[in-house]
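Have a look at the structure below, then the notes.
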Amino acid sequence: MAEVHVIGQIMGASGFSESSLFCKWGIHTGAAWKLLSGMREGQTQVDTPQIGDMAYWSHPIDLHFATKGLQGWPRLHLQVWSQDSFGRCQLAGYGFCHVPSSPGTHQLACPTWRPLGSWREQLARAFVGGGPQLLHGDTIYSGADRYRLHTAAGGTVHLEIGLLLRHFDRYGVEC
């Protein structure tokens, strides 16, 4: 089978109005993909940047896949959360990006967004915390469902991904 190695890191995030940020991440693939080694999901530590500065996580990603075809190419889904002084967490943004398909090192910038909800939910988020979240994670990828949501732009998550491809020519998989 053809193999794909994804090696890199979630560098950090910038442009968020919240502080004390952390990121929950995961990788989704199609049915023809098998994870040989690595963790399919994870979470960074909390970093509190200075105002206008970047939150640095430098969280490693190391995945090894085997595949029979290109359908269902891996994509990273990201959830950025903020933590207040009482330890309560609230959503700061959702985002996703496709893993690059060409070998080499790639710098990725993944924009994020969050649902706004009703004016009452926005008011409650401002004073109490919390706020609306998606019930189904697949809505992040689906533009057809997402266009009906009222959303606000979040910040940007910065990633550095290295990609190694192996045996693609031997098994007739062409990039």
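Counting all heavy atoms, side chain and backbone alike, A92 lies closest to E18 at CB-OE1, 3.7 Å. Between W57 and G12, the shortest heavy-atom contact is CE3-CA, 3.5 Å. Between G93 and R114 the shortest heavy-atom distance is CA-CB, 4.2 Å. Taking both residues in full, the closest heavy atoms of S19 and S82 are given as O-CB, 3.4 Å, listed atom of the first, atom of the second, then distance. Of all heavy-atom pairs between P115 and L91, the closest is CD-CD2, 4.1 Å. A109 approaches H158 most closely through the heavy-atom pair CB-ND1, 4.3 Å.
A 4.5 Å side-chain heavy-atom check between L21 and V46 finds every atom pair outside the cut-off. Between L163 and S102 the shortest side-chain heavy-atom distance does not fall below 4.5 Å. The shortest distance between side-chain heavy atoms of T105 and E160 falls below 4.5 Å. Side-chain contact between P111 and V157 is absent, with no heavy atoms from C-beta onward closer than 4.5 Å. In this structure the side chain of P49 never reaches within 4.5 angstrom of the side chain of M54, judged on heavy atoms. Put simply, the side chain of F22 reaches to within 4.5 Å of the side chain of C89, judged on heavy atoms. Using a 4.5 Å heavy-atom cutoff, the side chains of L164 and V6 are not in contact. At a threshold of 4.5 Å between non-hydrogen side-chain atoms, the residues V4 and F168 count as touching.
Going from atom CE of M11 over to atom SG of C23 covers 13.5 Å, rounded to the nearest 0.5 Å. Summarising the geometry, atom NE2 belonging to H98 is positioned 13.5 Å from atom CD1 belonging to I161; distances are rounded to the nearest 0.5 Å. Once rounded to the nearest 0.5 Å, the distance linking SG of C97 with NE2 of H106 reads 11.5 Å. Atom CE of residue M39 and atom CD1 of residue I61 lie 12.5 Å apart, to the nearest 0.5 angstrom. Annotation: the span from L36 atom CG to H5 atom NE2 amounts to 8.0 Å, rounded to 0.5 Å. Once rounded to the nearest 0.5 Å, the distance linking CZ of R75 with SG of C110 reads 12.5 Å.
Applying the side-chain contact (heavy atoms from CB on, under 4.5 Å) test between L108 and each of L159, V99, I10 identifies L159 as the sole match. The only member of T29, L63, L35 that meets side-chain contact (heavy atoms from CB on, under 4.5 Å) when paired with P74 is T29. Screening H59, Q43, E41 for a side chain to side chain donor-acceptor pair (under 3.5 Å) with W25, the sole residue that qualifies is H59.
Taking the six-membered ring for Trp and thresholds of 30 and 60 degrees, W33 and F65 have ring planes more than 60 degrees apart, a perpendicular arrangement. Relative ring orientation between H77 and H28 is described as tilted, the plane-to-plane angle lying within the 30° to 60° band.
Side-chain rings of Y94 and W113 approach one another, their centers coming within less than 6.0 Å.
No side-chain N or O of Q83 forms a donor-acceptor pair with one of W81 less than 3.5 Å apart. Defined by atom type and a distance below 3.5 Å, a donor-acceptor pair is present between the side-chain atoms of T48 and S20.
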- Task: Verify side-chain hydrogen bond (donor to acceptor under 3.5 Å, both in side chains) between E3 and H64, making sure each step is shown before the conclusion.
- Result: CA-CA 7 Å; E3 298 177 30; H64 182 191; 2.7 Å; yes
